[in-house]
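Have a look at the structure below before the remarks.
As the structure is a prediction and not an experimental result, all values here were calculated from the model.
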Amino acid sequence: MSAPFGSWPSPFTPASVAASSPRIDGARFVGDEVWWGESVPSEGGRVTVRSSTGDQILPTPWSARSRVHEYGGGAWTADHEGTLYFVDAKDQRVRRMPRGGEPVVLTAPGPAHGGLRVQRGRLFAVREDLTVEPHRRAVVEIPVDGSAADDPDAVRVVVESDGFFAHPAPSPDGHRVAWVEWDATRMPWQSARLAVTDGSLTTVVPTRAALQPEWTGDDELVVADDPTGRWALHRVRVDADGRSWTPEPVTAAEVDADTGYGLWVLGNRWYQPLVDGRLVAVRTDGRDAVVVISSDGSARPLPVPPDGHVSVDDVAGTRILLSGSSSTSAPGLWLVDVDTGAVEAVAGGAPADPAWMPTASALVVDGAHGPVHAFAYPPAHPAATAPEGELPPYVVLVHGGPTAHVTGATSSAITFYTSRGIGVLDVNYGGSSGYGRAYRERLDGAWGVVDVDDVIAAARGLVEAGLADPARIAIKGGSAGGWTVLSALVRGGTFAAGISRYGVADLRMLVEQSHDFEAHYIEGLVGPLPEAEDLYVERSPLTHADRIDVPVLLMQGGEDRVVPPSQSEAIRDALAARGVEHEYVLYPTEGHGFRAAETIVDALERELAFLGRVFGFSPAG
């Protein structure tokens, strides 16, 4: 059939996208079973824990979600006997639940917890207490007998300060604990230290941006660090004096890839040691690759379906659990034997149909600040074609963060557009992770400049290659991506429409309302206050909202504490005052990111209708 781009019939409905968008949140070997965390969009995004037996381990209405550092992570873990430990999303208290039993409270009201880790019956966590001034964070050991539920002093504090902590890791013999820490004035990908304590002596290991300590013996551990600009694995051994620790690279040759990325959440795992001394690790250069590293430092690739945001969640013998996204299949969880190469999809992971979802093409264009990386998804349909000579409309996606990245993975949300004849370009603008520190630091002091220049360069690259209709390119992003959307619309001349989800509009407002984790983030991206206040005003899209002359769709969560509704509403009011076509949608129960099925459905329906109005096509159905 022949039909205009944007009007092709598609089986990928908003409801099917919502139903296919559960998020895998960590996985564990539990006896002969595999347990994993999974969001349930139909239940408001509740995070449950499921088993490979088909059982739901964490029943309704319980939800495992952490609010530590706002973005949480590591909200559940389990021991090999089948006891679940989880952070209750409602009150942030940690609970213990034997399989089939009732949850038992382990911590007192008040502080939030995350980054849970259990070993030999001992439970460690990162604790954040926002009920005191100044706010305090700590690595703690929580008694599993419930004695701390009414007595906060029963919790053993390993380390505490007004800084930040992640990845608590007890040694195999239990005599030492390692963790990652950083100051409140820095972000962890800028500067983070590895620390080790035996209870009486705490040693801070010289690292640049440490990630994820994992013990390989009682006196040795592995940590990721980026002293040369790429995160790579280092072995850290205690010296003969028992007081100092010395890191050495695992591989002699430098690898042009990162093992690790921005420490936004507490549950990510980029590598795991095997019992025989080998390491399984993720290496990222745009896309992810999984490798097995031998004791001599040599590495061999491990062919696996996931190649985007891969997490090595757990290991048992030669078997590993990998969660993540893929360029050839749906997101999921896989059980892999590193020696035989056997791969089993445990959850999700259904192969993608290339007739509907072609592999994204890596695109590199020249920008004002250097090369710009992106992934292009052209329209794809097994039966529909466009009239001769018509070029497709495109949506340019801008990820949040801004220290984050996209990987060219399959996505039902992307297929929702491409199957209708709307192309998608996913951009890793300067500042993105996944390409090394130099690419990441391109955005330092230049947020609102480099990111905007790069998305414009990427969009123009599409046009110059003859892939997109230059009059029908929209830009869409959320959070920091929404900031870039609004900033690009202020710039004008490239995008015919914009879709901003909980986007930043006013930098000073963002700083005033910012939470602890990102309190100083903007200083590195723009400049210190009050010295740079004029720059904050000049860069803010709200200051120049009178330059926006194309239609805008604004969507916002009513309970968003990272970018509150006042940001989107300020832009809404500025557009309304000038009569610029716009739509503002507030989802009262949503936070920073949309999780409920009904919200996902409504947002996609509105986006498609909006693009149809702006670009002059009638969406099928």
Side-chain angles (χ1 to χ4, degrees), residues 1-14 16-17 327-328 351-367 372-398 406 408-427 455-476 485 488-489 492-499 549-553 581 604-621:
M1 61 170 287
S2 177
F5 285 117
S7 65
W8 296 349
S10 171
F12 296 92
T13 65
S16 71
V17 173
S327 58
T328 58
D353 183 350
W356 287 105
M357 185 65 191
T359 301
S361 300
L363 180 70
V364 181
V365 301
D366 291 329
V372 181
H373 297 272
F375 292 97
Y377 301 81
H381 196 291
T385 59
E388 184 73 24
E390 183 183 359
L391 288 172
Y394 259 77
V395 176
V396 173
L397 299 184
V398 190
V406 294
T410 64
S411 162
S412 57
I414 288 176
T415 311
F416 175 78
Y417 288 111
T418 57
S419 62
R420 288 172 163 78
I422 304 169
V424 172
L425 183 69
D426 222 352
V427 183
V455 296
I456 289 174
R460 289 177 177 170
L462 277 178
V463 172
E464 291 169 1
L467 301 175
D469 183 344
R472 295 192 296 171
I473 300 179
I475 183 170
K476 170 186 170 181
V485 167
L489 296 183
T494 300
F495 301 107
I499 300 172
D549 58 3
V550 298
V552 182
L553 172 60
E581 181 184 345
L604 286 174
E605 289 177 344
R606 290 179 184 273
E607 288 178 3
L608 184 60
F610 172 75
L611 293 174
R613 289 196 306 272
V614 174
F615 291 155
F617 61 78
S618 299

Please report the shortest heavy-atom distance between [X] and [Y], naming the atom on each side.
X	Y	value
Ala409	Tyr377	O-OH, 2.7 Å
Tyr394	Ala468	CD1-CB, 3.5 Å
Gly6	Ile422	CA-CG1, 3.9 Å
Met357	Ala352	CB-CB, 4.4 Å
Val395	Lys476	CG1-CB, 3.9 Å
Phe617	Ser7	CD1-N, 4.3 Å

For this session: Find out whether the Lys NZ or Arg CZ of Arg420 is both under 6.0 angstrom from the six-membered ring centre of Tyr417 and within 45° of the ring's axis.
Result: no
Exercise. Given the rule in the side chain to side chain contact (heavy atoms under 4.5 Å, CB included) test, do Asp426 and Ile414 qualify, once you have shown the distances and angles that lead to the verdict?
Worked result: CA-CA 10 Å; Asp426 222 352; Ile414 288 176; 4.3 Å; yes
For this session: Kindly indicate whether the side chain of Phe375, heavy atoms from C-beta on, has any atom under 4.5 Å from the side chain of Ser327.
Result: no
Exercise. Tell me, do Asp469 and Pro393 make a side-chain contact under 4.5 Å, heavy atoms counted?
Worked result: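 The answer is no; the side chains never approach within 4.5 Å.
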[X] side, atom [atom1]; [Y] side, atom [atom2] - distance, nearest 0.5 Å:
X	Y	atom1	atom2	value
Leu608	Arg613	CG	CZ	10.0 Å
Ile475	Thr494	CD1	OG1	9.0 Å
Thr385	Glu390	OG1	CD	10.0 Å
Ser16	Phe416	OG	CZ	8.5 Å

Exercise. Are the side chain of Arg472 and the backbone of Leu391 linked by a donor-acceptor contact shorter than 3.5 Å?
Worked result: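 Yes, the answer is positive, given that a donor and an acceptor are paired below the 3.5 Å cut-off.
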For this session: For the pair Trp8 (side chain) and Ala3 (backbone), establish whether a donor and an acceptor sit closer than 3.5 Å, ignoring hydrogens and angles.
Result: yes
Exercise. For residues 351-363, which residue pairs qualify under salt bridge (Lys or Arg N to Asp or Glu O under 4.0 Å), counting only residues two or more places apart or in two chains?
Worked result: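 Not a single pair qualifies under salt bridge (Lys or Arg N to Asp or Glu O under 4.0 Å).
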Exercise. Does the side chain to side chain contact (heavy atoms under 4.5 Å, CB included) test come out yes or no for Thr418 and Phe12, once each step is laid out?
Worked result: CA-CA 10 Å; Thr418 57; Phe12 296 92; over 6 Å; no
For this session: In sequence, state the C-alpha distance, the side-chain angles, and the governing distance for Val463 and Ile473, and then conclude on side chain to side chain contact (heavy atoms under 4.5 Å, CB included).
Result: CA-CA 9 Å; Val463 172; Ile473 300 179; 3.6 Å; yes
Exercise. Looking at Ile499, Val614, Val485, which hits side chain to side chain contact (heavy atoms under 4.5 Å, CB included) with Leu553?
Worked result: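 When side chain to side chain contact (heavy atoms under 4.5 Å, CB included) is applied between Leu553 and each of Ile499, Val614, Val485, only Ile499 qualifies.
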Exercise. Considering residues at least two apart in sequence or located in another chain, which fulfil the side-chain contact (heavy atoms from CB on, under 4.5 Å) criterion with Pro9?
Worked result: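 Partners of Pro9 under the side-chain contact (heavy atoms from CB on, under 4.5 Å) test: Met1, His381, Ala620.
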